[in-house]
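Everything below concerns the one structure shown next.
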2 protein chains.
Amino acid sequence: MPTEQEAASLAVLKSVPIFSSLTEQEFAFLTSHLLQRKYAAGELIFGEGDPCAGLYVVRSGNVRIFKSSAGGREQVLSIDGPGSSIAELPVFDGGNYPASAQAVSDSTLLFFSRQDFQALCLQHPQVALRVLRVIGGRLRRLVGIIEELSFTTVRHRLIALLVRLGKVEGTRNGDAITLTLPGNNSELAAQIGTVRELVSRNLSRLQSEGLIQVDNRKLEIPSLKRLEAELQASGG
Amino acid sequence: MPTEQEAASLAVLKSVPIFSSLTEQEFAFLTSHLLQRKYAAGELIFGEGDPCAGLYVVRSGNVRIFKSSAGGREQVLSIDGPGSSIAELPVFDGGNYPASAQAVSDSTLLFFSRQDFQALCLQHPQVALRVLRVIGGRLRRLVGIIEELSFTTVRHRLIALLVRLGKVEGTRNGDAITLTLPGNNSELAAQIGTVRELVSRNLSRLQSEGLIQVDNRKLEIPSLKRLEAELQASGG
DNA sequence: TTGCTCCCGTGACAGAAGTCATAGCTGCTG
DNA sequence: CAGCAGCTATGACTTCTGTCACGGGAGCAA
């Protein structure tokens with residue numbers, strides 16, 4: 001008889017892409033082999049360089065994967081919400097975690113040990129293929145970050161970020177979009193590979209150009225089209 | 001009875017990490033399902049955005065994976081030699097190639113269609129796990145590139161490149177290393193995400209600082225230690 | 001030899017990026 | 001309310017990066 005907690009975890013597991021082809025029995029195996037852990041907002045889940053213990057699945061909250069520099073700067077690699085798996089890769093190649101993971105908000109994660117997960121993959125090639133597919137997306141995102149860092153300016157990356165945020169989290173009203181900026185300027189800076197001052201300046205400039213309107217972390221994009229057009233202009 | 005060509009291919013396949021756990025029979029399957037293609041130096045193997053046809057294995061020569069910008073700049077993501085597989089990922093996630101591939105020197109590649117390769121992975125979970133391991137390395141390299149682009153200067157990245165080249169391709173003589181620079185300044189620039197002029201200038205400066213000695217593409221590093229020490233100094 | 005092409009090295013410059021310091025705002029807590 | 005912590009905005013400045021333009025050398029072919 002599953003506990004309440006296990007039943008709840010099960011529902012999450014079924015929504016995780018890499019597990020989507022398993023049978024009830026296999027889910028039972030998973031639920032009985034997972035550990036659930038809670039993290040407070042800001043808490044570190046694992047640090048860059050730590051030996052890889054296993055695979056995590058986000059059950060609730062958001063997790064930030066990032067690198068940090070000696071000088072204290074950070075570069076965000078991805079932000080993952082419920083249903084996403086994290087650290088799929090080091091589980092397989094045996095190396096250490098290449099980046100750190102941190103809970104953005106209070107979060108609950110499910111954890112599988114390397115052994116259990118590898119065993120599952122050997123028994124169920126489908127799972128391995130799913131993992132490959134998920135990792136494909138991850139790799140594409142990384143390549144995209146490299147492209148932006150290598151070829152574009154801070155202004156361009158900031159606009160691209162705002163456009164992305166607008167499309168995902170914004171409230172649409174014709175060609176206009178309203179949204180609340182997720183995190184402070186330092187956080188936005190970490191996401192586009194720069195420092196907080198440049199985010200501040202560029203936001204001001206975009207506002208003075210009439211492309212956006214910012215007020216106390218509320219952002220309005222009067223015309224998404226016009227903003228996107230700027231992407232071409234600033235060297236994409 | 002295998003043809004000569006098939007026999008030769010077989011030898012290569014056995015040295016490919018992702019195939020290292022297969023039986024003779026399975027190798028026979030592979031050799032009978034592969035296509036061999038030759039590319040001249042500089043020839044494009046596939047372009048960014050092309051639909052993914054299948055998986056390649058480098059038999060001879062070197063292959064450069066890179067992104068290009070609208071402005072004509074390039075950013076190298078990796079350079080792979082004999083025994084390396086290329087484009088393992090888009091084979092699985094069904095998307096297009098995220099970057100272009102080009103033969104650096106005259107090269108021979110082996111090609112497997114998506115279908116054949118996926119079938120192989122389903123039959124042999126070991127292969128899928130190997131692929132995951134290989135991709136793990138790839139992902140680590142990409143994260144490393146992001147880190148360098150985001151946190152360090154051109155000078156730093158150039159030194160890091162020289163140190164890497166020295167360790168891999170150089171001739172060692174105590175703490176001194178001699179090597180021939182692979183490619184012209186534009187190519188070096190593409191590998192560290194900048195332009196040829198900055199490579200030229202920084203090489204000159206390193207020379208005037210006595211850290212390196214360049215003469216007609218021959219590079220000498222009098223002291224690898226001293227050069228590596230500069231990595232800390234220039235903000236690593 | 002002449003001419004051509006490709007590449008290297010450099011100076012001059014413009015713009016982008018990053019650092020530092022300062023002033024002001026917001027919201028919380030005692 | 002006073003005081004504090006954290007964040008934002010902005011000016012001044014330095015350094016880094018990238019572009020453009022030019023001269024010159026190496027190699028090749030006619």
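As the structure is a prediction and not an experimental result, all values here were calculated from the model.
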Extract all donor-acceptor atom pairs below 3.5 Å that involve side chains of residues 199-206 of chain B and protein atoms in other chains or at least two apart in sequence.
{"from": "B:N202", "atom 1": "ND2", "to": "B:L198", "atom 2": "O", "distance (Å)": "2.8"}
{"from": "B:S204", "atom 1": "OG", "to": "B:S200", "atom 2": "O", "distance (Å)": "3.0"}
{"from": "B:R205", "atom 1": "NE", "to": "B:E209", "atom 2": "OE2", "distance (Å)": "3.4"}

Contact letters for nucleotides 17-24 of chain D, in which S counts primed atoms plus P, OP1 and OP2 and B counts the base, heavy atoms under 4.0 Å: SBBBB---
Proximity to DNA chain D (any heavy atom under 4.0 Å), residues of residues 179-187 of chain A only: A:N184, A:N185
Results of side chain to side chain donor-acceptor pair (under 3.5 Å) for [X] - residues two or more places apart only:
X      : value
A:R157 : none
B:E88  : B:S85, B:R138
B:N62  : none

Just how far, in rounded Å, is [atom2] of [N] from [atom1] of [X]?
X      : N      : atom1 : atom2 : result
B:L203 : C:dC7  : CG    : P     : 16 Å
B:F151 : C:dA17 : CZ    : C1'   : 15 Å
B:L158 : D:dC16 : CG    : C1'   : 15 Å

Nearest-nucleotide 5' precedence on DNA chain D, B:R205 against A:R217: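 Whichever sits nearer the 5' end wins; that is A:R217.
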Passing option when A:E74 is tested against A:R64, A:K67, A:Q102 for side chain to side chain donor-acceptor pair (under 3.5 Å):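 In the set A:R64, A:K67, A:Q102, the residue that makes a side chain to side chain donor-acceptor pair (under 3.5 Å) with A:E74 is A:R64.
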Sequence neighbours excluded - side chain to side chain donor-acceptor pair (under 3.5 Å) pairs with any residue from residues 164-174 of chain B: B:K167-B:E228
Sequence neighbours excluded, every pair satisfying ring pair (Phe, Tyr, Trp, His ring centres under 6.0 Å) that has a member inside residues 161-201 of chain A: none
Residue pairs, two or more places apart or on separate chains, that pass ring pair (Phe, Tyr, Trp, His ring centres under 6.0 Å) and touch residues 172-195 of chain A: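 Applying ring pair (Phe, Tyr, Trp, His ring centres under 6.0 Å) to every pair that reaches into residues 172-195 of chain A, excluding sequence neighbours, yields nothing.
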